[in-house]
Amino acid sequence: MATANKNLSQYDKSRLPSAFSFRFAIVKAQWNIQVTDGLYKGAYDTLLDLGALPGNIVTIDVPGSMELIFGCRQAASISPPVDAIIAIGCLIKGETMHFEFVSMAVYHGLSQLNLTLPVPVIACVLTDNQLEQSLARSGGIHGNKGVEAAVTALQMCGRDI
Ligand code: RBF
């Protein structure tokens, strides 16, 4: 899983389909907003760069990462439907066990959505020990995981179940 010393946020547009005809939802948690703003910008700008229309990108804000699960369910029921959902959050380890419980619950919840919803949910939830690590991955020296989430979302579009 280690991405230290790697920046995976560069993509080759010529190897990707156009996002022009697809609709996306970005569900964004407000906790650690500096980080989730950076991830959101990375994802949003990348979708536009890949051809998505601004009117085809729906944004849903939720309070914390724990609420991303419900927010993604909401996103899956909007009309006209979206082709992929990106869940953006940032969990930073504190002094208690809360981080472990919430991280597990969020990833478990998002996995469950991928088993039950007809639309793919892309997990862009950072789980770091320190804020600096998250900042480095949301537009810093280790790139922007939001960019990678947008590329992944496009790659998962149009796969009807
Ligand atoms: N939400 C996050 O997205 N990132 C966090 O780092 C985070 N830390 C939390 C720490 C504590 C002690 C608590 C109680 C909540 C935290 N939350 C965090 C909020 C959580 O995702 C959720 O919004 C609340 O638990 C309400 O369901």
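The first residue in the sequence is number 1, and the count goes up from there.
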Say whether Ile122 and Phe24 are linked into one hydrophobic cluster, either directly or through other cluster members, by side-chain heavy-atom distances under 4.5 angstrom. yes

Sequence neighbours excluded, every pair satisfying salt bridge (Lys or Arg N to Asp or Glu O under 4.0 Å) that has a member inside residues 25-51: Lys13-Asp49, Lys28-Asp37, Lys41-Asp45

On a heavy-atom basis, the closest approach of Thr46 and Val151 is CG2-CG2, 4.1 Å

Pairwise side-chain hydrogen bond (donor to acceptor under 3.5 Å, both in side chains) hits with a residue in residues 75-93, at least two apart: Lys93-Glu100

Give the minimum heavy-atom separation between Ala75 and Ile85, together with the two atoms involved. CB-CD1, 3.8 Å

If I take atom OG1 from residue Thr152 and atom NZ from residue Lys145, how far apart are they, to the nearest 0.5 angstrom? 10.0 Å

Give me each pair satisfying side-chain hydrogen bond (donor to acceptor under 3.5 Å, both in side chains) with a member in residues 108-130, each pair once, sequence neighbours excluded. Asp128-Ser134

Is there a path of hydrophobic side-chain contacts, each under 4.5 Å between heavy atoms, that joins Trp31 and Val35? no

Same cluster (ILVMFWY, side-chain, under 4.5 Å), Leu48 and Leu39: yes

Residues Gly94 and Phe99: closest non-hydrogen pair is N-CB, 4.3 Å

Find the distance between CD (Glu148) and CD (Gln10) and round it off to the nearest 0.5 Å. 9.5 Å

Distance (rounded to the nearest 0.5 Å) between Gln133 CD and Ser138 OG: 11.5 Å

Can you list the residues that meet the side-chain contact (heavy atoms from CB on, under 4.5 Å) rule with Leu110, with sequence neighbours excluded? Ile69, Cys72, Ala87, Val106, Leu113, Val121, Ala123, Val125

Roughly how far apart are Leu16 CG and Leu50 CG, rounded to 0.5 Å? 6.0 Å

Can you name the residues that form a side-chain contact (heavy atoms from CB on, under 4.5 Å) with Arg159, not counting sequence neighbours? Met156

Over all heavy atoms of both residues, which pair between Ala29 and Thr36 is shortest? Give the atoms and the distance, please. O-OG1, 2.9 Å

Please set out all donor-acceptor pairs under 3.5 angstrom arising from side-chain atoms of residues 51-67, sequence neighbours excluded.
from, atom 1, to, atom 2, distance (Å)
Asn56, OD1, Arg23, NH1, 3.4
Thr59, OG1, Tyr40, OH, 2.6
Asp61, OD1, Gln30, NE2, 3.0
Glu67, OE1, Gly64, N, 2.9

Looking at side-chain heavy atoms only, is the closest gap between Val27 and Ile88 below 4.5 Å? no

Tyr107 with Leu117, same ILVMFWY side-chain cluster at under 4.5 Å: yes

Give the cluster check for Tyr44 versus Leu126: same hydrophobic cluster or not, with ILVMFWY residues linked at side-chain heavy-atom distances below 4.5 Å. yes

At their closest point, which heavy atom of Ile86 faces which heavy atom of Ala150, and how far apart are they? CD1-CA, 3.8 Å

